[in-house]
Amino acid sequence: MKQTIKTSRTAGYLEKMFRELNDHYFNSEIEEPIITIQSTPRAYGHVTVSKAWHKSNGDQRHELNIDAGTLDRPIEDVTATLLHEMVHLYHLQNNVKDCSRGGTYHNKRFKDTAEACDLHIEYDSRIGWSITFPTEALVDFIVTQGWEDIRMGRMDGYISGRPGRGTSAGTTEPPKPKKTSSTRKYICPHCKMSVRATREVNILCGDCLLRMEPVK
DNA sequence: TTTGAAAGCGCGCAATGGAG
DNA sequence: CTCCATTGCGCGCTTTCAAA
């Protein structure tokens, strides 16, 4: 299987996918964003609400980021994530509020548009209608387009871990490797009380009199 | 290595508002 | 009025940084 391994080539591949999805599901109405590949903790991707990018001719564009780790998943999952973010862009462009709680809770307007784009949406009480799966119809579209797995995950350690504070907004530069923390966490197996230690220790929970166990 | 503390995030809960 | 989706917000926990 052909595999795309360079970040720049992958971004180009995602742009190609974006254009074809935009044409197929949105009548090419979505303005092209800047597509980035960065590590985003706790999310497969995101879009910026404001137009964070300025081109030399004065145009401003949204940023559509796909999490670096996401790209090691099957192509239908990558496509579903890309489409999910495109639904947000479509709503942003049309002044449709599809999220609240600072972009975490996805409401039914999001669900409706996403389902019209061959996505299967499931509900979670914390993040609303945000859990995204590809449908058969979307998989068929992927097959028709001949898209293949990207597979540029983290097997080479190129992009991994959480970004530090103030990540370099909008670049595809690999984050510098983090110094490993010298602290470790211990948790009581019964009451779940946790403590921090800076070296390995044997410690009992004073409430339960049980040995607290280290967690990764 | 130890300690203190700031910042960020998630969870839970109560309030709100629209539909029936 | 009841039900349920949605929203706002505060508390507490985790992570991270920096100074000692």
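Quick caveat, the model's predicted, so the values are computed rather than measured. Residue numbers start from 1 in every chain, and the chains themselves are labelled A, B, ... in the order their sequence lines are given, proteins ahead of strands. Only this structure's heavy atoms are used, side chains among them; waters, hydrogens and symmetry mates stay out.
At least one side-chain heavy atom of A:Leu83 sits less than 4.5 Å from a side-chain heavy atom of A:Tyr25.
Sparse packing is recorded around CD of A:Glu136, with 12 or fewer heavy atoms of other residues, nucleotides or ligands lying under 6.0 Å away.
Phosphate proximity of C:dA5 to A:Trp129: absent, as no side-chain N or O sits under 4.0 Å from OP1 or OP2.
Going from atom CZ of A:Phe110 over to atom C1' of C:dA5 covers 16 Å, rounded to whole Å. The separation between A:Ile121 atom CD1 and C:dA5 atom C1' is 16 Å, rounded to whole Å. Rounded to a whole Å, the NZ atom of A:Lys108 is 15 Å from the C1' atom of C:dT7. Atom-to-atom, CG of A:Asp98 to P of C:dA5 comes out at 18 Å; the value is rounded to the nearest Å. Taking atom CD1 on A:Ile127 and atom P on B:dC11, their separation rounds to 10 Å, with Å as the unit. To the nearest angstrom, C1' of C:dT6 lies 9 Å from NZ of A:Lys97. Atom-to-atom, OH of A:Tyr105 to P of B:dC11 comes out at 15 Å; the value is rounded to the nearest Å. Protein atom OH of A:Tyr123 is 6 Å distant from nucleotide atom C1' of C:dA5, rounded to whole Å.
In this view, A:His84 and A:His88, A:His106, A:Phe110 satisfy the ring pair (Phe, Tyr, Trp, His ring centres under 6.0 Å) rule, not counting sequence neighbours.
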* Nucleotide-resolved protein contact map, nucleotides 12-20 of chain B, B/S/- at heavy-atom distance under 4.0 Å -> BB-------
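Side chains of A:His120 and A:Glu122: a donor on one and an acceptor on the other come within 3.5 Å. With 3.5 Å as the limit, one finds a donor-acceptor pair spanning the side chains of A:Asn65 and A:Thr36.
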Kindly list each side-chain donor-acceptor pair under 3.5 angstrom involving residues 138-147 of chain A, sequence neighbours excluded, with atom names and distances?
| unit_1 | atom_1 | unit_2 | atom_2 | d |
| --- | --- | --- | --- | --- |
| A:Thr144 | OG1 | A:Asp140 | O | 2.7 |
| A:Trp147 | NE1 | A:Glu20 | OE1 | 3.1 |

